[in-house]
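So you know, we letter chains A, B, ... as the sequences are listed, proteins then strands, and number each from 1.
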Number of protein chains: 2
Amino acid sequence: MAVTLRDVAEKAGVSVRTVSNVVNGFQHIAPATRARVQEALEELNYRPNLVARSLRQGRTGIIMLVLPEINVSYFGELAHEVVDYASLCGITVQIDESGGDSLREKQLLTALSRASWVDGVLFSSLGLRGVDLAGLAGSRPLVLLGERTARTALDHVGIDNVEAARQAVAHLIERGRTRVAAIGGSGGARDATSKYRLKGFERAVRDAGLDPEGLYLRTPDYRRGSAASAVRELLEWDERPDALFCFSDELAAGALRELYEHGVRVPDEIAVMGFDDIEASSFSTPSLSTIRPDKAGIAKAAVDTLLRRLDDPAGERREINVGFELVRRESSG
Amino acid sequence: MAVTLRDVAEKAGVSVRTVSNVVNGFQHIAPATRARVQEALEELNYRPNLVARSLRQGRTGIIMLVLPEINVSYFGELAHEVVDYASLCGITVQIDESGGDSLREKQLLTALSRASWVDGVLFSSLGLRGVDLAGLAGSRPLVLLGERTARTALDHVGIDNVEAARQAVAHLIERGRTRVAAIGGSGGARDATSKYRLKGFERAVRDAGLDPEGLYLRTPDYRRGSAASAVRELLEWDERPDALFCFSDELAAGALRELYEHGVRVPDEIAVMGFDDIEASSFSTPSLSTIRPDKAGIAKAAVDTLLRRLDDPAGERREINVGFELVRRESSG
DNA sequence: CTGTTAGCGCTTTCAA
DNA sequence: TTGAAAGCGCTAACAG
């Protein structure tokens with residue numbers, strides 16, 4: 001059914017070798033031969049069988065991007081950048097979701113070893129443990145995205161979460177707030193991201209000579225729906241906070257909604273900062289001040305690192321910190 | 001380097017055939033042999049080379065999902081459902097973005113024929129033309145998602161956009177609105193989605209004995225940022241509309257923002273309806289009334305249809321309409 | 001410059 | 001029940 005090199009070779013009256021050379025743009029070919037082969041190629045509408053090519057070359061040009069959930073805006077935007085940049089490099093991206101919960105994380109690891117056609121993996125997880133990673137040791141190159149959750153020899157691309165969080169909270173304090181609360185986190189005990197954002201929060205508060213004690217509320221995940229109960233709780237404190245630092249824009253969106261339902265004016269009564277700068281945040285009412293990680297930069301660094309690792313499996317471990325930016329909008333006053 | 005069937009066969013003192021049988025769970029194997037092979041398998045930590053297997057079997061278990069942009073919430077949520085359901089079927093999903101603009105649509109088609117390892121394609125495009133599709137005729141099975149934009153023999157999964165839009169607008173009219181405007185669309189001349197939603201809008205308006213003339217404003221795309229200028233324009237009409245039907249939730253979010261900036265109260269002065277029910281919509285202020293297409297249903301139908309088509313390439317064309325639901329929230333009063 | 005050919009690792013037909 | 005071997009379509013080493 002499918003046209004093969006042999007079919008083309010027969011039609012053009014040359015060997016498969018020659019056809020292969022033409023297909024792959026090899027240099028030293030007699031113009032006449034090339035023309036003849038080209039013609040046969042067109043006439044038969046030849047399409048190379050990439051599976052066969054991959055088997056031969058040991059590379060597929062496919063990388064896998066593993067993230068918690070693609071429908072979460074931040075990850076959707078990150079995936080967009082990755083797909084975008086990878087396609088520039090002639091790489092196709094396959095997407096797998098870890099779901100965030102550790103039950104499915106096991107399936108995921110199975111999937112990972114299942115997917116032997118994948119050249120390499122970009123892994124963005126909230127709670128990957130060292131033991132999990134161990135199982136991957138011998139397999140394909142893997143670049144960790146987001147926060148490093150275990151001491152490994154893996155390449156890593158992320159941002160300085162401590163400093164970013166510190167700047168976010170410092171910004172609230174600069175705007176005159178003195179009682180800043182923080183909310184965020186995830187079910188995973190090893191959620192390093194929230195650990196570092198919390199550290200940055202505490203640092204900023206202490207730098208201002210204030211006390212962060214008792215001002216942090218954990219949430220089960222980073223989604224919009226998870227902010228409500230935390231917000232309800234802090235509204236009942238004896239001394240209400242006058243600012244709120246959310247560990248994600250989605251949480252912030254949920255917080256804005258809950259504050260609105262309680263008739264609390266933002267930023268007048270409570271200022272709000274998010275983290276991620278998802279697209280929706282500049283359109284919310286009020287628009288959301290936030291930290292904007294350089295998503296395109298993360299994507300580029302991640303893909304580049306992975307490709308480099310493919311060529312040089314033994315190369316030195318790379319630890320890349322990509323930039324971020326503080327975005328001031330209405331919600332922080 | 002990688003362990004192959006042969007390595008295992010040698011170690012176990014059997015033929016590759018036998019090892020293959022064990023790996024694939026073949027029935028008729030002597031218990032003793034099986035045990036010996038299992039042991040060798042474990043000891044060498046054998047992982048099948050799926051590229052080789054695919055070459056042999058002519059199937060990879062990979063399908064491609066093509067959509068405009070993965071960072072657009074609706075598509076992110078749809079992709080989530082597709083990845084979810086496909087993984088249940090043992091299928092991996094590869095994602096490609098068409099970008100929406102026809103310039104990149106050509107690259108996309110190239111990519112499609114490039115990607116010969118893909119078993120089949122789920123294609124969600126806003127403006128695919130018949131001629132474009134023609135080029136794919138001989139290649140892999142393709143299921144069209146969203147709106148059918150050309151008369152083809154392709155399978156198609158979507159929702160009844162005319163009826164959904166009609167219900168949305170009828171709902172606004174039921175709530176007492178008499179002057180409903182519509183905004184949405186895309187650059188493509190062949191944006192069938194907006195065509196049908198517009199038709200549903202007009203039908204609902206006429207059904208109520210009103211006149212839709214001059215109440216539709218085209219936007220360049222369905223994104224949040226594209227609603228602003230349309231909203232500014234309709235606010236300057238002599239007779240202001242008292243309701244607004246947006247062809248997507250993102251447009252509606254942009255509209256809510258713009259109305260807020262102009263001090264127009266929603267829903268008191270203008271009621272707003274969206275379309276898609278992205279997650280953010282239930283958290284906006286005011287929360288957004290909208291049409292909720294059964295995304296999981298679309299994903300399931302799409303994957304099922306594609307898999308069936310793989311087994312039966314000559315089967316009858318399938319035309320599937322998935323359900324939807326009207327979601328009443330604050331923005332429609 | 002081009003033809004011949006040996007595999008890449010696997011499944012599967014044909015024999016035994 | 002198991003072995004031997006063909007071959008999926010391609011690339012590349014080796015000849016010529």
key: Side-chain donor-acceptor pair present, B/D191, B/Y222, cut-off under 3.5 Å   = yes

query = Without hydrogens or angle criteria, can the side chains of B/Y85 and B/D304 be said to hold a donor-acceptor pair below 3.5 Å?
reply = yes

task = Using a 4.0 Å cut-off on protein heavy atoms (strictly under), produce a 5'-to-3' string for nucleotides 5-11 of chain D with B for base contact, S for backbone-only sugar-phosphate contact, and - for none.
result = -BBBBBB

task = Establish, with yes or no, whether the OP1 or OP2 oxygen of C/dG3 is under 4.0 angstrom from a side-chain nitrogen or oxygen of A/S15.
result = yes

message = Among B/V14, B/V37, B/V8, B/L5, exactly one meets side chain to side chain contact (heavy atoms under 4.5 Å, CB included) together with B/V22. Which residue is that?
response = B/V37

task = For B/R17, check salt bridge (Lys or Arg N to Asp or Glu O under 4.0 Å) against everything at least two apart and list the hits.
result = none

key: salt bridge (charged side-chain N to carboxylate O under 4.0 Å, His left out) pairs, two or more places apart, involving residues 306-316 of chain A   = A/R59-A/D311, A/D155-A/R309

ask   = Taking atom P of C/dT5 as reference, at what distance in whole Å does atom CG of A/N21 sit?
value = 17 Å

Separation of D/dT1 P from B/F26 CZ (nearest whole Å) = 10 Å

message = With a 4.0 Å cut-off on N to O distance, would you call B/E81 and B/K295 a salt bridge?
response = no

task = Describe the nucleic acid contact of A/T33 in one word from base, sugar-phosphate, nothing, applying a heavy-atom distance below 4.0 Å.
result = sugar-phosphate

